[in-house]
Amino acid sequence: MSPSRKASAKASAKVSTKARGQIALPFEIPARSAPLAEPIVPGSERDHEIATALGAWFDAVARDLPWRRTRDPYAIWLSEIMLQQTRVDTVIPYFDRFLSRFPTVGDLARADLDQVLSLWSGLGYYRRARIMHLAAREVTERHGGAFPGDAQALRALPGVGAYTAGAVASIAFDLREPLVDGNVARVLSRLDAIDNDIRSTTGQRALWAAAARLVPEARPGRFNQALMELGATVCTPRAPRCTACPVNGLCIARAEGREEDLPVLAPKRKVPSVRMVAAVLWAGHRVYLARRTEGGLFGGLWEPPMVEADSLDEARTSLAEAGIPERIVLREVGRVRHILTHRRLEVTVARAEVPAALRGRAKLASPYERASWLDPDANEVGVSRLARKILSMSSPPAARAEVTRR
DNA sequence: AACCCGGGGAT
DNA sequence: ATCCCAGGGTT
């Protein structure tokens, strides 16, 4: 966020006069003198109108998404785990593959983690897959294979937080439970003109209170999905399409000309850059891959050993601890850049051909736990997008198309 | 409250 | 480049 944007956001928390009076209001909404001191009355006529209008709008325009074609709590839970911090369009093919490979929660529980991570490869936030697997086992063993039908028990499952519990409870079980995700936070911050940083504890409290106030007894799941659909397609972060909004006449931010100033967001820290060296050893079509320990970054995934270093020369001793003997002659083949939420990785890629007779195994140090010679295209284990880029760059031209393909 | 955890699409 | 996405867990 630029300094000026930040300043205007802060200023708007006190008073918003910039655009007021410059737009034609469809009707009068009295400006609230003390927004946080005077909470909107629960069960008001306005709340009811919002719920009604959004429900009807959703019935008319809702996108046809795979997880909207089922009432199976397992399928809906699976979609919600995948959708955490991940866009709808990205999730769809993964959701379809997962459901056909694991049609029931029992099938998922019986799978081994490498298999699950293989199907998850490329989706990101791999801890979700591991925790989801744990939850599947918990549902199978402790709940007899049926998802619990109340928000509190859902919330107790690993990987199910406040949002996901509200989503499964309302969408799969028709329970009047609220939910707040990124979309809903934006929509509600504008509808009610909530001026707190939506990531702060105070802001979250205000948002959940608003969501709980609004969610209707009738078809709460439809209402919650309507809020998210509105945020995804109309009430967008920039240039919201207010003229197409079914509740534009009930939106306080719009009435005050502030829709572009909300939600308020604290500035983010900038991400540090990290230089690494990856060593790719080929023996025919197999490559030496190490499995990362399940705790941290890329946990449980397999990759060519990678160490933090500024140059190949500097990397040799650390690479030895990852099972790459120092006598192997590595040659640089290029660089890969990979952006994560909290780090920018710049990886120098080096490779070598190793005769099959020289294949060895080694005791590995953290973050690796073991290693093996694998065909990276066999889809037996989890491989990150970063590792795929590295493999693609280092493989012989004839094999490049194979490695690049998902 | 701050930090960790991927990858990609829109602008 | 920047933002942010149907967030949750850990410290």
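In the text below, chain A, chain B and the rest are named by the order of the sequence lines, each starting its count at 1. Below, each value reflects all heavy atoms present in this structure, side chains not excepted, and no hydrogens, waters or symmetry copies.
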Given the [atom1] atoms of [N] and [M], what is the spacing between them in whole Å?
| N | M | atom1 | value |
| --- | --- | --- | --- |
| dT11(C) | dG6(B) | P | 16 Å |
| dT10(C) | dG7(B) | C1' | 22 Å |
| dC3(B) | dA6(C) | C1' | 23 Å |

Quiz item: Between atom OH of Y288(A) and atom CG of L281(A), what is the distance when rounded to the nearest 0.5 Å?
Solution: 8.0 Å

Quiz item: Is there a residue in residues 180-189 of chain A whose heavy atoms reach under 4.0 Å of DNA chain C, and which residues are they?
Solution: D181(A), G182(A), N183(A), R186(A)

Practice problem: Name every residue in residues 66-80 of chain A that has at least one heavy atom under 4.0 Å from any atom of DNA chain C, in order of residue number, or write none if there are no such residues. | Solution: W67(A), R68(A), E80(A)

For [X] and [N], what is the distance between atoms [atom1] and [atom2] respectively, to the nearest whole Å?
| X | N | atom1 | atom2 | result |
| --- | --- | --- | --- | --- |
| M228(A) | dA6(C) | CE | P | 9 Å |
| L54(A) | dA6(C) | CG | P | 16 Å |
| L134(A) | dT10(C) | CG | P | 11 Å |
| K270(A) | dC3(C) | NZ | C1' | 16 Å |
| R199(A) | dC3(B) | CZ | P | 13 Å |
| E260(A) | dC3(C) | CD | P | 15 Å |
| R337(A) | dA1(C) | CZ | P | 8 Å |
| D261(A) | dC3(C) | CG | P | 15 Å |

Partners of [X] by side chain to side chain donor-acceptor pair (under 3.5 Å), sequence neighbours excluded?
| X | answer |
| --- | --- |
| S384(A) | none |
| E141(A) | none |
| T104(A) | D107(A) |

Practice problem: Measure from NZ or CZ of R128(A) to the centre of the six-membered ring of Y125(A) and say whether it is under 6.0 Å with the direction within 45° of the ring axis. | Solution: no

Self-check item: All pairs passing salt bridge (charged side-chain N to carboxylate O under 4.0 Å, His left out) where residues 142-166 of chain A contributes a residue, at least two apart
Solution: E138(A)-R142(A)

Quiz item: So, T164(A) versus Q84(A): side-chain donor-acceptor pair below 3.5 Å or not?
Solution: yes

Sequence neighbours excluded and cut-off under 3.5 Å, please list the side-chain donor-acceptor pairs for residues 61-79 of chain A, or say none.
residue, atom, partner, partner atom, Å
R63(A), NE, E229(A), OE1, 3.3
R63(A), NE, E229(A), OE2, 2.9
R63(A), NH2, E229(A), OE1, 3.0
D64(A), OD1, R69(A), NE, 3.0
D64(A), OD2, R69(A), NE, 3.4
D64(A), OD2, R69(A), NH2, 2.5
R68(A), NE, Q225(A), OE1, 3.1
R68(A), NH1, R63(A), O, 2.9
R68(A), NH1, E229(A), OE1, 3.3
R68(A), NH2, E229(A), OE1, 2.8
T70(A), OG1, D72(A), N, 2.9
R71(A), NH2, D174(A), OD2, 3.1
D72(A), OD1, Y74(A), N, 3.0
Y74(A), OH, F102(A), O, 2.7
S79(A), OG, I76(A), O, 2.7

Quiz item: Tell me, for nucleotides 5-11 of chain B in 5' to 3' order, what letter each nucleotide earns: B for a base near a protein heavy atom under 4.0 Å, S for only sugar-phosphate near one, - for neither?
Solution: BBBBB--

Practice problem: Could I get the full list of salt bridge (Lys or Arg N to Asp or Glu O under 4.0 Å) partners for R190(A), not counting sequence neighbours? | Solution: none

Exercise. Identify, with sequence neighbours excluded, every residue that meets salt bridge (Lys or Arg N to Asp or Glu O under 4.0 Å) alongside D313(A).
Key: R316(A)

Quiz item: Under 6.0 Å from the NE2 atom of H48(A), do we count more than 12 heavy atoms belonging to anything else shown?
Solution: no

Quiz item: Counting only heavy atoms not in E326(A), do more than 12 fall under 6.0 Å of its CD?
Solution: yes

Self-check item: Minimal non-hydrogen separation, R385(A) against G122(A), with atom names
Solution: NH2-O, 3.6 Å

Quiz item: What are the residues of residues 152-173 of chain A, sorted by number, that bring a heavy atom to within less than 4.0 Å of DNA chain B?
Solution: none

Atom pairs and distances, donor-acceptor, side-chain atoms in residues 317-325 of chain A, under 3.5 Å, two or more places apart:
none

